Amino acid sequence: MHGHTPAPPTVVLVHGAFTDASSWAGVINLLHAAGLTARALANPLRGLAEDAAYIRSAVRHIEVPVVLVGHGYGGAVITEAATDAENTVALCYVAAFGLDAGECLLDITGRFAPMPSIDATSTAALPARLGGGLESELYIREERFPQVYAADLPPRVTSVLSVTQRPIARSALTGRSGPPAWASKPSWYAIATADRMLNPTAQRFMAQRMAATEYLLDASHAAVLSQPGAVAAMIREAAGHSAERGVGYGPRHTF
């Protein structure tokens, strides 16, 4: 008599600042071709606690195991969201923040050498979604966007990305993380070695701190767009291990 075959995991993709869920399109096509179900959620980009609560609620309504994937700021969100989402069985980070308890994004960026993005952002005061008043939001200046965010993408692509970017609330940079999900769940991390937004040394530090399986990508911060094949390969590996708890971590991969 054959044993029960566990349901394959659903891959839930969480974008970071200055972009939206459509950034995962290339990765999703490859995951679908591999027979995996994938969902790209709209990260509100309003603040760590609020964003994590939204993602956590969505994940809890999925009735199969989940591999949770975060890009950039989305990494901080999945780190917080997955702590109380029991069906999350693996975490994947793509050039992403994997915060520890009590940390915020600025703690990480301030610990390592500054990147070109430090003087490439502008602030807009827009009406707050809740409570009235104004909310300070960050954009990457249009003329600097290709250089700091997506230097490995063609101009015809970056010209569109720069004018369709979604801002992030400035308060999201200082939101403190709770106990990290990566402390109890297996993790994978794609380090973008040509990133000009999040220092690659900071990425390596966070990957090693969480004992993640590391993938090295010769990519900008826009790795999910410029190297969807490598990102999808990492996610497929994580999905393949989803039924095993406490698995050993494999070698570093280079693309």
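Please read all numbers here as calculations on a predicted model, not as lab measurements.
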Ignoring hydrogens and angles, write down the donor-acceptor pairs under 3.5 Å from the side chains of residues 58-69, residues two or more places apart or on other chains.
{"residue": "Arg60", "atom": "NE", "partner": "Asp84", "partner atom": "O", "Å": "3.1"}
{"residue": "Arg60", "atom": "NH2", "partner": "Asp84", "partner atom": "O", "Å": "3.0"}
{"residue": "His61", "atom": "ND1", "partner": "Ser57", "partner atom": "O", "Å": "2.7"}

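For the residue pair Asn43 and Tyr73, no side-chain donor N or O sits within less than 3.5 Å of a side-chain acceptor on the partner. Judged by distance alone, the side chains of Tyr149 and Ser162 never bring a donor and an acceptor atom under 3.5 Å apart.
Applying the side-chain hydrogen bond (donor to acceptor under 3.5 Å, both in side chains) criterion to Asn199, with sequence neighbours excluded, gives Thr201. Checked against side-chain hydrogen bond (donor to acceptor under 3.5 Å, both in side chains), Asp107 has the following partners two or more places apart in sequence or in another chain: Arg176. The side-chain hydrogen bond (donor to acceptor under 3.5 Å, both in side chains) test applied to Gln147 returns Arg144, not counting sequence neighbours. Listed by chain and number, the residues in a side-chain hydrogen bond (donor to acceptor under 3.5 Å, both in side chains) with Ser159 amount to none (sequence neighbours excluded).
Considering every non-hydrogen atom in both Leu45 and Pro167, the closest pair reads CD1-O, 3.5 Å.
When atom types are taken as modelled, the side chain of Glu103 and the backbone of Ser177 share no donor-acceptor pair closer than 3.5 angstrom.
The side-chain heavy atoms of Val148 and Met197, taken from C-beta on, include a pair separated by under 4.5 Å.
Under the side-chain hydrogen bond (donor to acceptor under 3.5 Å, both in side chains) criterion, the residue pairs touching residues 21-34 are Asp20-Ser22, with sequence neighbours excluded.
Checking each of Glu237, Glu214, His241 against Trp188 for a side chain to side chain donor-acceptor pair (under 3.5 Å) leaves exactly one that passes, namely Glu237.
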